[in-house]
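All ligand and atom numbering here is 1-based and tracks the order in the structure. Computed from a prediction, not measured in an experiment: that's the story for all the values here.
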Amino acid sequence: MRQGMLHVRRTSSETLVAKRLRTQVAIVGAGPAGLLLGQLLHREGIDAIVLERRTPEYVLGRIRAGVLEQGTVRVLEHAGVAGRLHREGSIHRGIEIGIDGRRRRIDFEALVGGSVVVYGQTEVTRDLMDARAACGARSIYEVEDVRLHDIAGRTPRVSYRQHGEACEIECDFIAGCDGYHGVSRRSIPPEALQVYERIYPFGWLGVLADVPPAWEELIYASSPRGFALASMRSATRVRCYVQCSLEDRVEQWSDERFWDEFKRRIGEDVAARMSVGPSIEKSIAPLRSFVAEPMRYGKLFLAGDAAHIVPPTGAKGLNLAASDVWYLYEALREFYVEGSDRGLDGYSARALRRVWSAVRFSWWMTTQLHRFSDEAFNERIRAAELEYLFGSRAAQCALAENYIGLPL
Ligand code: FAS
Ligand code: PHB
């Protein structure tokens, strides 16, 4: 045996394992789902190791969500990472829906007595990373070739390579928090999964820019040229989107072209008063609805984008990751503290009830606010839906209670 090799043993694949670790829960993925689960478990004294293929800087560089439901805020408070969120996040008590230049405010407070918090996913992830580093819990970044073993058996393990060494983690459970393109869902035999999917025939081109927002609340605008969303990250930074073709490439959209198109869609009054500036991030995201059922296979539990994807129109992706993680945390706490399997056995059904309510709402917001085609009948139905929304308190209540988030 070569000097310096620790715990050398052969795995089933006849690979020398240079390092073998042991934990209660192995978490694959250090996005918001993985880090939030790790933080909740740590506060309960349950040991977890987080594995991430990228660097922390890369993970923080991905610009994504911006709206937190009240339920998500409560989960972050329970995790002890909501301090900066309360200091720097801004409470929003409504949004505006625009149709061809007309706008209607959806007053969350008056309609359903609720609100949301605008605070970027990047900041949530940063707060979670800082908390994990502060408590010294184990996170391993820049891993390669992560594989899941014996997930249906009694000795689940996660193997990976780092700096050319083969490593392995023995655990009780594996949390697959590695997103849509991760290895976890793909480790489940296809015959054990039922997948539901809808691909939308357009994408979102998003721009981050350091200019003050000329709007106080988010504006979701449907125009004859397509959809636009005016959001923000702070009093000095905007996050704006326009619906674009799936054939578009970021290189085809100069900042000038983006701002010109955004102004044509967002409404003349906003266009007239807004300032523009150079993009500090610009990216195109395809839109899809995707759900994989069940969210558990043996000792493997999926959470967040690993199990489902929603179009960002309903601001649900990050919030669904938080509710999955809350349910999984409660189930694991029940197992380790009370010795009961009940929560683990009920996790998938409980999470999927909330997933499908968010998938429905995100699909509804997307189909109502985006121009799909020149199919005259669909466009008339869409116009009628939006007119009904503008004129009906009941319709506005339905939108409001879904947007602020159904109860956890
Ligand atoms: P994530 O994808 O965030 O994190 C998964 C992590 O696992 C990543 O860090 C990845 O590097 C890692 N990983 C993957 N494979 C691995 C492997 N084999 N081994 C180890 N690690 C691995 N939601 C909204 O609510 N509003 C939005 O505006 C919005 N915009 C979005 C824009 C884009 C381009 C995308 C892709 C998503 C957007 N979302 C939005 C949804 C997004 O916010 C997700 O819901 C959220 O990131 C989910 O968090 P996680 O489940 O942790 O998945
Ligand atoms: C964002 O600020 O990035 C954002 C906000 C609301 C959405 C989608 C994205 O529905």
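- Of the heavy atoms in Cys177, only backbone atoms (N, CA, C, O) come closer than 4.0 Å to ligand 1.
- Counting protein heavy atoms only, atom 23 (N) of ligand 1 is closest to Ala65 CB, 3.6 Å.
- At least one N or O atom of Ser231, backbone or side chain, sits closer than 3.5 Å to an N or O atom of ligand 2.
- At a heavy-atom distance under 4.0 Å, only side-chain atoms of Val28, from C-beta outward, approach ligand 1.
- Taking only nitrogen or oxygen atoms, main chain and side chain alike, Ala33 reaches within less than 3.5 Å of ligand 1.
- For Arg64, the closest heavy-atom approach to ligand 2 falls below 4.0 Å.
- For the pair Tyr180 and ligand 1, the shortest N or O to N or O distance does not fall below 3.5 Å.
- Of all the heavy atoms of Arg54, the ones lying under 4.0 Å from any atom of ligand 1 belong exclusively to the side chain.
- Checking only distances, Leu318 does come within under 3.5 Å of ligand 1, N or O to N or O.
- Residue-level proximity to ligand 2 for Ile63 is absent, since no heavy atom of it falls below 4.0 angstrom.
- Residue contacts with ligand 2 include Arg233, since one or more of its heavy atoms lies under 4.0 Å from the ligand.
- At a 4.0 Å heavy-atom cut-off, ligand 1 does not touch Trp204 at all.
- Scanning all protein heavy atoms for the shortest distance to atom 4 (O) of ligand 1 gives Gly31 CA, 3.6 Å.
- Contacts between Tyr119 and ligand 2 below 4.0 angstrom, taking non-hydrogen atoms only, are absent altogether.
- Considering backbone and side-chain N/O atoms, Asn319 never comes within less than 3.5 Å of an N/O atom of ligand 1.
- Contact annotation for Lys316 and ligand 1: only backbone heavy atoms (N, CA, C, O) come within less than 4.0 Å of the ligand.
- On a distance-only criterion, Ile63 and ligand 1 share no N/O pair closer than 3.5 Å.
- Salt-bridge formation is detected for the pair Arg157/Glu168: a Lys NZ or Arg NE/NH1/NH2 atom is positioned less than 4.0 Å from an Asp or Glu carboxylate oxygen.
- In terms of protein heavy atoms, atom 19 (N) of ligand 1 is closest to Val146 CG2, 3.5 Å.
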Might you work through the ring pair (Phe, Tyr, Trp, His ring centres under 6.0 Å) test for Trp356 and His308, ending with a clear yes or no? CA-CA 9 Å; Trp356 277 109; His308 42 70; 9.8 Å; no
